[in-house]
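Source: prediction; values computed, not measured. Just so it is clear: chains get the letters A, B, ... in the order the sequence lines come, proteins before strands, and each one is counted from 1.
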Amino acid sequence: MNENKSQYHANAVEKYWQDIWDKKGCFLTKNQTTKKNYYVLEMFPYPSGRIHMGHVRVYTLGDVLARYKRACGFNVLHPMGWDAFGMPAENAAFENNIHPRDWTNKNIKNMKDQLKSMGISYDWTKEISTCDPEYIKQQQKLFIKFFKAKLLYKKEAWANWDPIENTVLANEQVIDGKGWRSGVKIERKLLSQWFLSITKFSNDLLTDLESLKNWPENVKTMQKNWIGKSVGAEISFQITKENLIESYKNSILVYTTRPDTIFGTSFIALAPDHQLSDILSKSNNGIKEFIKKWESTFANEEMIEKAPKEGVFTNMYVKHPFTEKKIPIYIANYVLSTYGTGAIFGVPAHDERDFVFAKKYDLPIIKVVDPEDSAAQDLPYTGAGTLINSEFLNNKNSLEAKSIIISKLKEINLGEKKTKYRLRDWCASRQRYWGCPIPIIYREDGEVIPVDESDLPVLLPDDVDFSKKNGNPLNNHATWKYTTCKKTGLKAVRETDTLDTFFDSSWYFIRFVDPFNKNPINKKLAEEWCPVHQYVGGIEHAVLHLLYSRFFTKALSSLGEFKFKEPFKGLFCQGMVCHKTYQDSENNWVYPEEVITKNANFFHKDTGNKVKELRSEKMSKSKKNIVDPVNIIQKYGADTARFFMLSDSPPERKLEWTSSGIDGSNKYLLKVWRFFNNLQLNDIIFYENYKYEKEKNKNLIEKTHFYIDKITKSLDNFQYNVAVAQIREFSNIFFSFDIDNIKNEDSIALKFSLTKWIILISPMVPHLAEELWKVLGYKDTLVSEQNWPIANLDYIKITNVNIVVQINGKKKFVYEIPKDLSVEETKEFLSKKEAIKALIKEKEIKKIIVIPNKIFSLVI
RNA sequence: GCCCACUUGGCGGAAUAGGUAGACGCAAGGGACUUAAAAUCCCUUGUCCGUAAGGACGUCCCGGUUCGAGUCCGGGAGUGGGCACCA
């Protein structure tokens, strides 16, 4: 490559080296080696058709790690695949009359080409796609395993129902309570659906978080809060005699974490979809209307919390278990049916929401907890304190009161201590076509049985018309639904729901270790490779995908599939890629590439009209603030795109895309290339322990070791932006060499330094690194196969340090003193200095603080 | 609304464990090279006062701990992510 020395043709160079890596199989993973295994995985993408900058970022981060670990001598597994089921394919089918499978396969092909052009070191022989019949087959086997192990069950659950399209809508397809396409008010429909018993593992999912040392704390906290373990009490409130109804039991069971506040109860509130609410709605129009009014908000916790607190009185009362006072029963829109028992006792003085509710409906507000902090007298007060107005609990603190009340309740048989979790079982049913079919049949005799293993996979029928608005295509298919039971010959219908795509992505990382095995999981290899050493993906998956994967791992482990109990040993969450947004005078969004800048004003490049520059946001098609990676790679090459992705922001934070930023990266890489091309070092051979005579060369060798150490540490800490800065600092040293007059030991020192530098930069810009490697004279080897350099710390020994002299904590000046003086020696050394004496003058020294090698601080 | 983060020059950011704030870049200004431009190279660049030496201020805001706070604690503002059928 590059016979023409005057120009760097990034696209040609990159293609050339990609082919070489491919031919030599540089990134294929072997299962039997003497090396230690290291599994790097980035979250696999949904095949939308084009990669976006978010992909470029996450896959660059993963690739730097994979290449770095390979150089460090690990046997690296770095696979890639496709999260291929999901709604966009069905939307495309609906809008463009293309089959979801064709659309998806076309997208995979495009995206694969685009990913390949980035030069990421994947082992493509392990590629899997979740819509592949083989993946479906293995996943269906897992489903049946779960079914047999009673980790799966059916129960009725609400879904958003669009009565025009006759279909279930996702939450994001419901906008302001209306269907996104039909615009009609969404109803709720109770459907029998499949649930995974994730709550059987609630406690393990919580306590095992502690073992995840290499996970970000914020993700662990989010999961902990999501699981939401609470210790409280379940309490029965007896319905008053005159209010008893035949179709319901004689009490209402509530759950509370604050049983100590029971004497502050002024009402009972039921969730609108509580069983009793449902019964009452049949004979009471007020209740019926209330439930109808709030129906579309039930599905969504955010909407429930944001809605104004409203309720309806049921005309029924319960008795307080201790005071025997009559307490009214309301149905309230802020009570969640999915948490606790779906009913609460309202204590307005000590709960924010109960307080608002009580004010609105003029219910008594009884203060029963006196705050420890006397300043906090405003109600509602939600903290702990000393009990008042509470009979036998008076003068007890909240903690004591809780245990007393629980034992009292137990005595009178009206309550007990209870641990609850906020976590709910996982509804894995989707009433959609483009998903993994659920391998279950319903036999005419009423039995629900899994499809016989010899009949797997159950595949989707191809002959489906998406243009008709008649609901779930599987349910309405003329023949697909109908089958017979293999064992009995009885007639049967297939399950027409498909699986949530989170099911697909909850075990793909285990499949990658042996993607074409006849069984879903290769136990031996899974145990050799898993848990994934480093998983990389977006923070938006902090709870659901990561929690579901953890659950799958625990479930499969409990079924003896393998021994490990967590899927991902290390987790790294990268930030988003953002860009400024632009709007024209009519508030239409404008693409950044259509905007030209003149004197800090912005104009549309075609119309010349003025354009507003607005704040930077996550790149999204809807706001047109996108930059297409394909164009960027075409213009600058993948290395420039990769280098910019790494250089400007810490990986976990948002990255601001700017054209000057990408230009800057490109300029730097071209400068590097020019520098190497002007060298004549091909024939120079260096020795590790060469005795250099010139200071300049000694310094270069020291700096080389210094930066090897620094850059290695930065990479280990995921501080890739810092590593880039250090790469540049390092190169600034050799850029200052006069390479036209270089000879003898100068050449040896430079070749040594440059050789190490190329290896250091190679995970970031692998194609350019190969090119430079060759230019430097290494014709028969690849930089991708080199070992990571090791810093010789003997070269980095520092003899003097700068110590800061402070008066009252303020910096006055800096002294150079010998390194590693003791506290006494430092005092001794510095106290003699005239400048310090001058600072103190006549004043009395109250205190001297010495931090060796750092601070000499006087308090006067 | 609830949970979780983030906030440092004109901009992106750096600052092991509480110890020299602003590394490395971008942009800008000045200069060199060029017939000219581009490219490249060199210099300057937190703010304010000062001719200078130097001084004061300064890490979203308010308060606290400390000899010393970007870093720790309490309160607040703004921005972003998640809230269970987007992936």
Is the side chain of A/W294 donor-acceptor paired with the backbone N or O of A/I304 at a distance under 3.5 Å, no angle test? no
Any-strand Watson-Crick or G-U partner of B/rG78, both distances under 3.5 Å: B/rC6
Which part of the nucleic acid, if any, lies within reach of A/F502 when heavy atoms closer than 4.0 Å are counted: base, sugar-phosphate only, or nothing? base
Has the side chain of A/E540 got a donor or acceptor that lies under 3.5 Å from a partner of the other kind on the base of B/rC83? no
Separation of the C1' atoms in B/rA15 and B/rG9, to the nearest angstrom: 15 Å
Assign A/T221 to base, sugar-phosphate, or nothing according to its heavy-atom contacts below 4.0 angstrom with the strands shown. sugar-phosphate
Quick note, A/N802 side chain, CB onward, closest among B/rC85, B/rA87, B/rU20 is B/rU20
Is there a Watson-Crick or G-U wobble partner for B/rG46 with both distances under 3.5 Å, and which nucleotide is it? B/rC57
When A/V804 and A/K812 are each assigned the nearest nucleotide of RNA chain B, the 5'-most assignment goes to A/V804
Could you tell me if A/D820 and A/N853 have a donor-acceptor pair between their side chains, going purely by distance under 3.5 Å? yes
Considering only heavy atoms from C-beta outward, does the side chain of A/W82 approach that of A/T130 to under 4.5 Å? no
With a 4.0 Å cut-off on heavy atoms, is A/G86 in touch with a base, just the backbone sugar-phosphate, or nothing at all? sugar-phosphate
Rounded to whole Å, NZ of A/K710 lies from C1' of B/rA15 at a distance of 10 Å
Just N and O in the side chain of A/N225: are any of them under 4.0 Å from OP1 or OP2 of B/rC4? yes
Please state whether the phosphate of B/rC41, meaning OP1 or OP2, lies under 4.0 angstrom from any side-chain nitrogen or oxygen of A/K671. yes
Interatomic distance where NZ belongs to A/K667 and P belongs to B/rU40 [whole Å]: 5 Å
Closest non-hydrogen atom pair between A/Q173 and A/N91, with its separation: NE2-OD1, 4.2 Å
Starting at atom CG of A/N666, determine the distance to atom P of B/rG25, rounded to an integer number of angstrom. 16 Å
When only distance counts, do a donor and an acceptor, one from the side chain of A/Q806 and one from the base of B/rG19, lie under 3.5 Å apart? yes
Taking NZ from A/K811 and P from B/rC57, how many angstroms apart are they, rounded to a whole number? 14 Å
Please lay out, stage by stage, how A/R430 and A/E90 fare under the test salt bridge (Lys or Arg N to Asp or Glu O under 4.0 Å). CA-CA 13 Å; A/R430 296 291 181 271; A/E90 275 185 60; over 6 Å; no
Closest to the A/L544 side chain, choosing from B/rC83, B/rA27, B/rU20: B/rC83
From the candidates B/rC67, B/rG80, B/rA87, the one with an atom nearest any side-chain atom of A/M576 is B/rG80
Categorize A/E656 for me: base, sugar-phosphate, or nothing, with a 4.0 angstrom heavy-atom threshold over every strand shown. nothing
In B/rG70, glycosidic geometry as syn within 90° of 0 or anti otherwise: anti
Any side-chain donor near an acceptor of the partner, A/T167 and A/D162, under 3.5 Å: no
Nearest-nucleotide pick for A/R653, side chain only, options being B/rA14, B/rA84, B/rG19: B/rA14
For B/rG80, does OP1 or OP2 lie under 4.0 Å from any side-chain N or O of A/K654? no
Look at all strands and tell whether A/Q223 reaches a base, only sugar-phosphate, or nothing, counting heavy atoms closer than 4.0 Å. nothing
Starting from P on B/rG22, measure out to CD on A/E729 and report it in whole angstrom. 14 Å
Does A/I848 reach a base, just sugar-phosphate, or nothing at all? Heavy atoms under 4.0 Å. nothing
Tell me if a side-chain donor or acceptor on A/T498 pairs with a main-chain N or O of A/R432 at a distance below 3.5 Å. yes
Which value, in whole Å, describes the distance between the P atoms of nucleotides B/rA56 and B/rU34? 48 Å
Quiz question: going by heavy-atom distance under 3.5 Å, is there a donor-acceptor pair between the base of B/rC26 and the side chain of A/S660? no
Pair A/W215, A/Y535: side-chain N/O donor-acceptor within cut-off below 3.5 Å: no
Given RNA chain B, 5'-ward residue of the pair A/F85 and A/V859, judged by closest heavy atom: A/V859
Under 4.0 Å, counting only non-hydrogen atoms across every strand here, what does A/V814 touch: a base, just sugar-phosphate, or nothing? base
Take the protein atom CZ of A/F735 and the nucleotide atom P of B/rC24, then report the distance between them rounded to whole Å. 14 Å
Pairwise P distance for B/rG12 and B/rC60, with rounding to whole Å: 13 Å
Looking at the side chain of A/S649, which of B/rG19, B/rA5, B/rG13 is the nearest nucleotide? B/rG13
Counting only side-chain heavy atoms from C-beta out, which of B/rG81, B/rG12, B/rA84 sits nearest to A/D648? B/rG12
Tell me what A/R430 touches on the nucleic acid: a base, only sugar-phosphate, or nothing, going by heavy atoms under 4.0 Å. base
Name the nucleic acid region contacted by A/H545, choosing base, sugar-phosphate or nothing; use a 4.0 angstrom heavy-atom cut-off, strictly under. nothing
Taking only N and O in the side chain of A/Q719, is any of them less than 4.0 Å away from OP1 or OP2 of B/rG13? no
Quick one: label A/S429 by what it contacts on the DNA or RNA (base, sugar-phosphate, nothing), any heavy atom closer than 4.0 Å. base
Establish whether the base of B/rC83 is bridged to the side chain of A/E302 by a donor-acceptor pair shorter than 3.5 Å. yes
Spacing between A/I539 atom CD1 and B/rA87 atom C1', to the nearest angstrom: 15 Å
Any A/N717 side-chain N or O less than 4.0 Å from OP1/OP2 of B/rU16: no
Which nucleotide in B/rG25, B/rC3, B/rC85 has an atom nearest any side-chain atom of A/R728: B/rG25
Of the options B/rG19, B/rG1, B/rA84, whose atoms approach the side-chain atoms of A/E305 most closely? B/rG1
Between B/rC85, B/rG1, B/rA23, which nucleotide has the shortest distance from any of its atoms to the side chain of A/N171? B/rC85
Roughly how many Å apart are B/rA17 and B/rG68, using the C1' atom of each and rounding to a whole number? 15 Å
Is the distance between the ring centroids of A/F735 and A/F737 less than 6.0 Å? no
Looking for any heavy atom pair under 4.0 Å, which part of the strands does A/N732 touch: base, sugar-phosphate only, or nothing? sugar-phosphate
I'd like the P distance from B/rA69 over to B/rU20, given in whole Å. 12 Å
Expressed in whole Å, how much space separates the C1' atoms belonging to B/rC72 and B/rA23? 25 Å
So what does A/P650 touch, heavy atoms closer than 4.0 Å: a base, only the sugar-phosphate, or nothing? sugar-phosphate
Within the structure shown, what part of the strands sits under 4.0 Å from A/K306 by heavy-atom distance: base, sugar-phosphate, or nothing? base
Quick one: does A/E172 reach the base of B/rC85 with a side-chain donor-acceptor pair under 3.5 Å? no
Indicate whether any N or O donor in one side chain lies under 3.5 Å from an N or O acceptor in the other, for A/T501 and A/Y46. no
To the nearest Å, how far apart are A/K713 NZ and B/rA15 C1'? 15 Å
Look at the side-chain N and O atoms of A/K810 and state whether any lies under 4.0 Å from the OP1 or OP2 oxygen of B/rC57. yes
Name the nucleic acid region contacted by A/W226, choosing base, sugar-phosphate or nothing; use a 4.0 angstrom heavy-atom cut-off, strictly under. base
